[in-house]
Amino acid sequence: MKHSFEYFLNAIHYCLWLGDMKFGDFVGAIVNKLLSPIPKYLFTKEYKKKYEERLIRERKSIDSFFYDKETGYHIGWANHWFGFFYLGYPCFLSFVLVGLADKKFGDLSTFVFFLLFGIPIGLSYIPAYRAVFTKDRYLTYFRDFATKGTLWHRKWKWITIAFCIGSIVMTLMGIIGMYIANHYS
């Protein structure tokens, strides 16, 4: 059971990383297209030549900045989106707990609100963190997933999309559940 949970979360994380790189490349292509007239029309021939030489020299560090699997820009965003979408599921329970507590005890202090909201989220994130980020476990999975075929990637892309949509739905259902728990229980 642990292995399949770990595999699932790492596959989601991997697909979020691939999606972020694809989106980043798309945005980068647009920015490059918009900025390409600057060196073409505003730089002198000598400066344009130096600019192109520097660009070639710096390509490795630019690629490392964006695509490094441990510290790169895209893995940072993939980590962010993974946490955001994963935590949408326990948000349901957090919202319902807050609604029930507010109904039972009245006006909650800010501390109690954050305690009731944060405990389920914090406790549920521990297994995900261990499955994906402890000892950079995701890097081993990334190497494995990179060798998978097109069908595997297509399947997990759709599973990742469903996972993200499910997270948003569960968060919204939690907000509705909080309202119902507060007003109708």
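Just the heavy atoms: all of them, side chains too, but no hydrogens, waters or symmetry mates, feed the values below. We're numbering straight along the sequence, starting at 1.
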Point to revise | Non-hydrogen side-chain atoms of F145 and W152 separated by less than 4.5 Å | key: yes
Check your understanding: In the single-linkage hydrophobic clustering (I, L, V, M, F, W, Y; side-chain heavy atoms under 4.5 Å), do I38 and I30 co-cluster?
Key -> yes
Check your understanding: Heavy-atom count around Y125 OH within 6.0 Å, excluding the residue itself: above 12?
Key -> yes
Exercise for review: Could you tell me the separation between the NZ atom of K155 and the SG atom of C15, rounded to the nearest 0.5 Å?
Suggested key: 10.5 Å
Review point. Under 4.5 Å between any side-chain heavy atoms of L42 and P39, yes or no?
Key: no
**Study point:** Side chain to side chain, L16 and C164, heavy atoms closer than 4.5 Å
**Key:** yes
**Study point:** Smallest separation among heavy atoms of A101 and L116, with atom names
**Key:** CB-CD1, 3.3 Å
Review point. Considering only heavy atoms from C-beta outward, does the side chain of Y179 approach that of I175 to under 4.5 Å?
Key: no
**Study point:** Test log, rule side chain to side chain contact (heavy atoms under 4.5 Å, CB included), inputs E52 and K48
**Key:** CA-CA 6 Å; E52 289 170 354; K48 185 178 172 183; 3.4 Å; yes
Point to revise | Ring-ring centroid check F8 W156, cutoff 6.0 Å | key: yes
Check your understanding: Out of curiosity, does F43 fall in the hydrophobic cluster containing L34 (side-chain heavy atoms, cut-off under 4.5 Å, transitive links)?
Key -> yes
Review point. Shared ILVMFWY cluster between L93 and Y184, side chains joined below 4.5 angstrom?
Key: no
Exercise for review: Quick one: pull up NZ in K104 and CG in L100 and give me the separation to the nearest 0.5 Å.
Suggested key: 10.5 Å
Practice item. Flag the pair T160 / K157 as yes when at least one side-chain heavy-atom distance between them is below 4.5 Å, and no otherwise. Key: no
**Study point:** Over all atoms of both residues, closest heavy-atom pair of V98 and M178
**Key:** CG1-SD, 3.9 Å
Practice item. Please work out whether the ring planes of Y138 and F142 are parallel, tilted or perpendicular, with thresholds of 30° and 60°. Key: perpendicular
Practice item. Please name all residues satisfying side-chain contact (heavy atoms from CB on, under 4.5 Å) with I165, sequence neighbours left out, ordered by chain then number. Key: I161, V169
Check your understanding: In a check of ring pair (Phe, Tyr, Trp, His ring centres under 6.0 Å) between F95 and each of Y89, F113, F117, which one passes?
Key -> F117
Check your understanding: So does W158 have more than 12 non-hydrogen atoms from other groups sitting under 6.0 Å from CH2?
Key -> no
Review point. Say you draw a straight line from CD1 of I126 to OG1 of T134; how long is it, rounded to the nearest 0.5 Å?
Key: 10.5 Å
Point to revise | S167 side-chain N/O to F163 backbone N/O, donor-acceptor pair under 3.5 Å | key: no
Review point. Taking a hydrophobic cluster as the set of Ile, Leu, Val, Met, Phe, Trp and Tyr residues connected by side-chain heavy atoms closer than 4.5 Å, whether directly or through intermediates, do F23 and V31 fall within one such cluster?
Key: yes
Check your understanding: How long is the gap from NZ on K103 to CD1 on I180, to the nearest 0.5 Å?
Key -> 13.0 Å
Check your understanding: Within a strict 4.5 Å, meaning less than it, do heavy atoms of the D68 and T71 side chains meet?
Key -> yes
Check your understanding: Should we count CE of M173 as having more than 12 external heavy atoms under 6.0 Å?
Key -> no
Point to revise | Partners passing salt bridge (charged side-chain N to carboxylate O under 4.0 Å, His left out) against R54 (at least two apart in sequence or in another chain) | key: none
**Study point:** Heavy-atom check, side chain of R137 versus side chain of F133, under 4.5 Å
**Key:** no
Check your understanding: Do other residues, nucleotides or ligands put more than 12 heavy atoms under 6.0 Å from the CZ atom of F84?
Key -> no
**Study point:** Pairs flagged by side-chain hydrogen bond (donor to acceptor under 3.5 Å, both in side chains) wherever residues 10-36 is involved - sequence neighbours left out
**Key:** H13-N79, Y14-H153, D20-H74, D25-Y67
Review point. Taking a hydrophobic cluster as the set of Ile, Leu, Val, Met, Phe, Trp and Tyr residues connected by side-chain heavy atoms closer than 4.5 Å, whether directly or through intermediates, do I56 and F65 fall within one such cluster?
Key: no
Revision key, fill the gap. Closest heavy-atom pair, L9 versus A131, reported as atoms and distance to 0.1 Å, is CD1-CB, 4.2 Å
Exercise for review: Might you confirm whether atom OH of Y47 has over 12 heavy atoms from other residues, nucleotides or ligands at distances under 6.0 Å?
Suggested key: no
Exercise for review: For the residue pair F82 and I12, establish whether any side-chain heavy-atom pair is separated by less than 4.5 Å.
Suggested key: yes
Check your understanding: Does D136 use its side chain to pair, donor to acceptor, with the backbone of L139 at less than 3.5 Å?
Key -> no
Revision key, fill the gap. When rounded to the nearest 0.5 Å, the distance separating CG of L115 from CG of L97 is 10.5 Å
Check your understanding: Does S124 reach the main-chain N or O of P120 with its side chain, forming a donor-acceptor pair under 3.5 Å?
Key -> yes
Check your understanding: I121 and S94: which non-hydrogen atoms are nearest, and at how many Å?
Key -> CG1-OG, 3.5 Å
Check your understanding: In Å, rounded to the nearest 0.5 Å, how long is the span from CE of M21 to CD1 of I75?
Key -> 8.5 Å
Exercise for review: Under the side chain to side chain contact (heavy atoms under 4.5 Å, CB included) rule, what do F92 and T171 come out as? Steps first, then yes or no, please.
Suggested key: CA-CA 5 Å; F92 173 82; T171 301; over 6 Å; no
